[in-house]
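Contents: one structure, followed by commentary.
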There are 2 protein chains.
Amino acid sequence: MSTKTRGSKAPGGPAAGELDLRRAAILEAVVTEYVGTATPVGSAYVARTPGVNVSSATVRSDMVALERDGYLVQPHTSAGRIPTDKGYRFFVDHLAPAGVLGTPQRQRVKRFFDRVHGEMEEMLERASTLLSELTPYAAVVVSPSHGSSTVRSVQLVSLAPRLVLLVVVLSDGAVEKRTLELDEELSEEELGRLSTRLIQGLVGCDLDGAAELVPDAAGASSDFLASVGRALHEIARAEESDQVYLGGPSRLAEAFDAVETVRSVLSILEQQLVVVTLLRDVLDRGLSVAIGTEHGFEPLASCAVVVAPVSVGDNETGAVGLLGPTRMNYPQALAAAHVVSSELSERMNDAFGHHRGGDRGGH
Amino acid sequence: MSTKTRGSKAPGGPAAGELDLRRAAILEAVVTEYVGTATPVGSAYVARTPGVNVSSATVRSDMVALERDGYLVQPHTSAGRIPTDKGYRFFVDHLAPAGVLGTPQRQRVKRFFDRVHGEMEEMLERASTLLSELTPYAAVVVSPSHGSSTVRSVQLVSLAPRLVLLVVVLSDGAVEKRTLELDEELSEEELGRLSTRLIQGLVGCDLDGAAELVPDAAGASSDFLASVGRALHEIARAEESDQVYLGGPSRLAEAFDAVETVRSVLSILEQQLVVVTLLRDVLDRGLSVAIGTEHGFEPLASCAVVVAPVSVGDNETGAVGLLGPTRMNYPQALAAAHVVSSELSERMNDAFGHHRGGDRGGH
DNA sequence: AACTGGCACTTGATTCTACCGACTGCCAGT
DNA sequence: ACTGGCAGTCGGTAGAATCAAGTGCCAGTT
């Protein structure tokens, strides 16, 4: 068709990834500037950037190459360039400076984790807020799924005549409850006796197993026990659906300036299942960033997601994520997500007595 | 100064509230039309409205009066009129047609309440989503505060060596837990003995009382028991802070078209305490609607809030709310909020055995 | 061969003007 | 007490002119 097909001027020379060093520098300059200003970046600006010691004309010719190769686009002729998803991808893979959190933010994290008390649910909830405050993006925290936790305790507590609360404690510290309505009235003593029977029979089973065992364990069968079994099954199902915490939704309204975009992204975040799947998908593919269409989820094509796993014990089932525009400060987001995820993981492992190194101080 | 000072043409005639019947009709027409179209309403449209059988000229002269009295404003000369907060207020107090939910929505509510299972927290959470789906506004649900509930059961469950879970069941069915780390290792038997002692000693107390009683109840004192006491205090505090559930935040992005407004409203909804205070305030003043600045909360001056109480037992401490622009469909919002709130109240009373009439069917 | 300065050109944004249309306020007439 | 008619007021829109940013290309330099 036209001119030179292969664009790199010195294929053998020193390179960052696939790109000429200078072109990489140019791309980097475009990305960082565009992330900061949301304005297409022109060759003149890039030429002034330290690290690019050539004239704007030269930058321009490199820019056409970068555009030909799909790293940059022009919104229209005679505008500056903006990065494509591929451009951002190259940036995070090869150029992103080691993410450094500002010291004030570092402190904020430290204070947070020094102070957290209370239970996991609360910690995760508040961590999502923390994360959204460390960055200008919306945060998502998916609680580690309870995996195959076993029953640690079962108890029946009478709340009112013919109204009983079933409380189940699982080996991972989760507590679930279900109210049961009775047909017949049961005395406190009877409930107590049933409780101890159930405990003895069910401790150590997984939930579904426990549900099956109920009649055997109690040594009798009745409508009531059947409903206990049903409740256990229900709990088992509920345990599988991971909890999602959304932090700082208002950040989305800062990050996007089209109200319609805000609406559609928010409405997606309302579907918790989608969020979980999305994050898990990205993690499963071994990524920590999904840019634009990389996650294959149409409605979020204008978004980037930064994810970090939260592992408790051996399995990485939890996750923290940041959701923002593709025009995102990746180093910052990555740093924030990693700090919070690792700190969370540590906390949750601590809580289980799987103490690790023990040096919770510096690093 | 100028012409007639008293505006009403026939002060003795039949009136709706403070207003001439015709003027009331005009106001009503303006409100309903403006709510629907978000466009200033002109005299010509109003004159065509059934119920107003006068010419546009007459409507115009009434409109100047309505404007003089503060019910309407013109965004600029030669535009139609839009209602003021006072105008909306008059509308909801005197003109709002009995709120009628469309049958599909009615069905939605019915199905929802037929299907809900599981515990209060989940029900409230999902109710907030339901409410936001019944209307185009964001919904808020504040859980009834647990008031002065008493301890129903206390249990210590060992999770790992030196790691114990304290599970407390309250008389209203709430279950709270706290993990405790031990210095010394305690055997299962010892924990069991302590549990039963605690149960015997603390059942029936309120939480703070229970916290004080711990050493007495257990018949001994130790670091461990002290931490149990502390945990109980913590739980008591946590119980006081009511849970807030936010439904359909994306609806805010539909309701407002300035992204900055969306942001600021969202960021307010993130502060749960503020939301609780706001709703309670409105309810305490005996209102079910707060329009614009009526709630005295500056940042929400462009919003209206529709509230309905959720009462469990005798005290109305919970609430459901809808948050939208002052240009809101009040009849619809009121109807939706009332249905959900009363249905929720009923549910929660049922769950406590305070069965009422018993006719859960039609109505 | 690689780079640079210069220049013509393209094109979105901005400003200005003119104009249209939607309403109003007023008034004379019924 | 209402109404029809009419002049007057503005916002919104369309079109033309201008502006400024930034490009692509090319001839010239090192």
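On a predicted model such as this, the values are computed, not experimentally measured, just so you know. Below, chain A is the first sequence line, B the second, and so on; all start at residue 1.
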ask   = Partners of A/E294 by salt bridge (Lys or Arg N to Asp or Glu O under 4.0 Å), sequence neighbours excluded?
value =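 For A/E294, the residues satisfying salt bridge (Lys or Arg N to Asp or Glu O under 4.0 Å) (neighbours in sequence not counted) are A/R89.
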
Is there a donor-acceptor pair closer than 3.5 Å between any side-chain N or O of [X] and the backbone N or O of [Y]?
X      : Y      : value
B/T326 : B/I291 : no
B/R327 : B/V35  : yes
A/T49  : A/V52  : no

query = Under a 3.5 Å cut-off for both distances, is C/dT30 Watson-Crick or wobble paired, and to whom?
reply =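 With both distances under 3.5 Å, C/dT30 matches D/dA1.
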
[X] has an atom [atom1]; how far is it from atom [atom2] of [N], in whole Å?
X     : N      : atom1 : atom2 : answer
B/L66 : C/dG25 : CG    : P     : 12 Å
A/D20 : C/dA2  : CG    : C1'   : 12 Å
A/R22 : C/dC3  : CZ    : P     : 4 Å
A/D62 : D/dC25 : CG    : C1'   : 15 Å

ask   = About how many Å separate NE2 of B/H76 and CD of B/Q74, when rounded to the nearest 0.5 Å?
value =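 The CD atom of B/Q74 sits 8.0 Å away from the NE2 atom of B/H76.
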
query = Where along nucleotides 6-24 of chain D does protein come under 4.0 Å, by heavy atom, of base (B) or sugar-phosphate alone (S), with - for untouched nucleotides?
reply = ---BBS---------BSBB

key: Residue pair A/R251, A/F256: steps toward the side-chain contact (heavy atoms from CB on, under 4.5 Å) verdict   = CA-CA 9 Å; A/R251 295 258 127 148; A/F256 298 97; over 6 Å; no

task = Taking only the side-chain heavy atoms of B/S55 (C-beta and beyond), determine which of D/dC2, D/dT3, C/dT4 contains the nearest atom.
result =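 The answer is D/dT3.
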
